[in-house]
Amino acid sequence: MRTDLTLRALQAVRNLGILAHVDAGKTTVTERILFLTGAVHKRGEVHEGTTVTDFDSQERDRGITIFAAAVSCDWDGHRINLIDTPGHVDFADEVTRSLRVLDGAVAVFDAVAGVEPQSEAVWREADRHQVARLAFVNKMDRAGADLDTAVASIRERLGTTPLVVQLPIGREEGFEGVVDLVRMRAVVWPLDTGVYEEGPVPEALRAEALRRRRALDEAVAELHPRALEEYCADGAVSETTLRTALRELTGTGEAVVVLCGSAYRNRGIEPLLQAVVAYLPSPADVPAVRGTIDGTEQERAADPAAPLAALAFKVHAAPTGRMTYLRIYSGVLRKGDTVLDMGVGRTERVGRILRVQADRHTETDLAVAGDIVAVIGPKSARAGRTLCAPSAPLVLEPPGTADPVVSVAVEARLGQDTDRLASALARLAEEDPSLVVRTDPETGQTLLSGLGELHLEVAVEKLRRDRGLEVSVGRPQVSYRETVVRGVTGLVYRHVKQDGGAGQFAHVVLDVEPLDVLGGEAGFAFRSTVAGGRIPRDFARAVEAGCRDALTEGPLGGHPVTGVRVTLTDGATHTKDSSELAFRAAGRLGLREALRACVLRLLEPVAEVTVTVPEDCVGAVLGDLAARRGRVSASATHGTTAVVTATVPLAELFGYASRLRGRTQGRGTFTTRPAGYAQVPLGLTAGVTGQ
């Protein structure tokens, strides 16, 4: 049972992430928060490479966030554990793992662009993890910035109800502050000092502020019963009731509170922090974490008195040792404690506990429920593993990991570095689960697979910079799939083997048919319609396992097979020679034979590409997209800028960045996000299968 003192301590913690599309200003928002709260004494700038959270040399060189970085600060009696996440789609897995351990988030949007593709992707991921969010419309000082347009895009593209609690004072370059519609007070940042002044609402904006406050009251009353009662009785909602309603609606995800500002010019950060404290949940406000043990579901509340349960969400090899980042969900973790790693079923000792400030660390003796810390000591822990008290085992749901879609062949230039390269690649895969290292069985090459071209570039550069390895890299290859477009029925396969002693006998009859998976989800379905007990249930399950084995390599080019429904319709057993092993072999070999009799097509990964270019370059861009087998789905013009959205095969996007720069004199930009798989045109199939 949590004591009042424990409850108050938990309520003073906020675990939140900063989410957004690349270049929306996440890292700048984080830097301003750290500066304002006194965590740093000098404001870092992305363009100068001086930010706290973008501390990796590649992040500073490229000017983007690549790795999720955790920092902590204090504001108004509250401890804020903050994770600055990447905005580029190639590093979306870092965002997913961070969201798994967060209670709240601030979604940052560009006041000119509104909701961009990756903004939408991370928003959907936050929906899946039920993470409460605030929206911060950044860059209000840019030419073309418009709060209402950005809010409209939030409503239309994200399918949520935006509750705008601020009115901008000034437009574009003249943006100097906001009217707080909850308190009906003006907050202004004169010059660029970062110091704000508060006062009454300017007379010129009073009528508009009153109109927007009434619209806010009405929107909240539609969603919140107590606010509705008050609105019906008094024609308005009081400040106290409004604050309560905004907090509850944020917690349930029914609506999102929208604020605005310009992080680069230090305007709007104080109200944002106040909103974080006022509206986002603490560890005490979120439901108890759920886990399983021996198939039974259990709950662990955020209580230091409960047994320890922690989830590892990031692993990093630092000069100080192998660091494992943990979210403590329940219990207390002390320096020197022994914990049980549920992934391998063995105990490990925690040597040190660190409070993390990006690349700097401060040692502490203990961490309690609600904390996000790093530990040194566990050698086998991986991202997604549960560390818990040995006396109270529990397995928490791990964050999902995206399937890699792009591969390159890597090899050491010097023969003596081969072993070092293998070790370095294994370490890379430990730190980033979305990187997969495997050996091509045909060529013997070592293949490194990831989520995109940039993802692999960063990984290879990390080998060179951090490990001092000289490596050669082959041309990127995408991960194709094979799928059934016309199946077969009644395929009979008999597996008979006799080599002394007990033999193997299995007789199966299979139907194979297509299963629609072009939306991007891997697909395999199995069912048994055998009647009369001709094949026992355990043998039917063995046939299913054998079918799954067969799907790892298809007949067209050895690619994984997806989009298949297999039905076991009949079969026979032998009283002595039938076994699960025999029926598994029959399922594997029978399905391979069936697939050779089916009509199959290749699937290739495709991406939705959003290209932003000057209007006079649209023709050249459209022609280039067509040459890359792109299908344009939308085109819009905003002033002198055009935005083109198209679906393009991932294999055709290699080198697109340099081509786009050349066709637009460096003025064009583009973003991508995965859009599933599509069939490869028949004329190109031979080239793909011959890789």
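Please read all numbers here as calculations on a predicted model, not as lab measurements.
A salt bridge does not link R226 with E230: every distance from a Lys NZ or Arg NE/NH1/NH2 to an Asp or Glu carboxylate oxygen is 4.0 Å or more.
Side-chain polar atoms of S282 and D285 form a donor-acceptor pair below 3.5 angstrom. Looking only at atom types and distance, the side chain of D432 has a donor-acceptor partner in the side chain of H455 under 3.5 Å away. Neither side chain, T241 nor T244, offers a donor N or O lying under 3.5 Å from an acceptor on the other. With 3.5 Å as the limit, one finds no donor-acceptor pair spanning the side chains of T85 and E94. Side-chain atoms of E197 and W189 form no donor-acceptor pair, as typed in the model, at a separation below 3.5 Å. Donor-acceptor pairing under 3.5 Å is lacking for the side chains of T647 and E608.
No more than 12 heavy-atom neighbours from other residues, nucleotides or ligands sit within 6.0 angstrom of CZ on R631. Open room surrounds CZ on R206; 12 or fewer heavy atoms of other groups in view lie less than 6.0 Å from it. Atom CD of E208 is surrounded by more than 12 heavy atoms from other residues, nucleotides or ligands within 6.0 Å.
A distance-only check finds a donor-acceptor pair linking the side chain of R213 to the backbone of L181 [under 3.5 Å].
Remark: of the listed residues R79, R14, R355, R355 is the sole one forming a salt bridge (charged side-chain N to carboxylate O under 4.0 Å, His left out) with D371.
Contact between A227 and V237 at its shortest, heavy atoms only, is O-CG2, 3.8 Å. Between R267 and F175, the closest heavy-atom pair is NH1-O, 2.6 Å.
Under the rule for a salt bridge (Lys or Arg N to Asp or Glu O under 4.0 Å), the partners of E218 that lie at least two apart in sequence or sit in another chain are R214.
Taking the ring centre of W123 as origin, the terminal cationic atom of R133 falls inside the region bounded by 6.0 Å and 45° from the ring axis.
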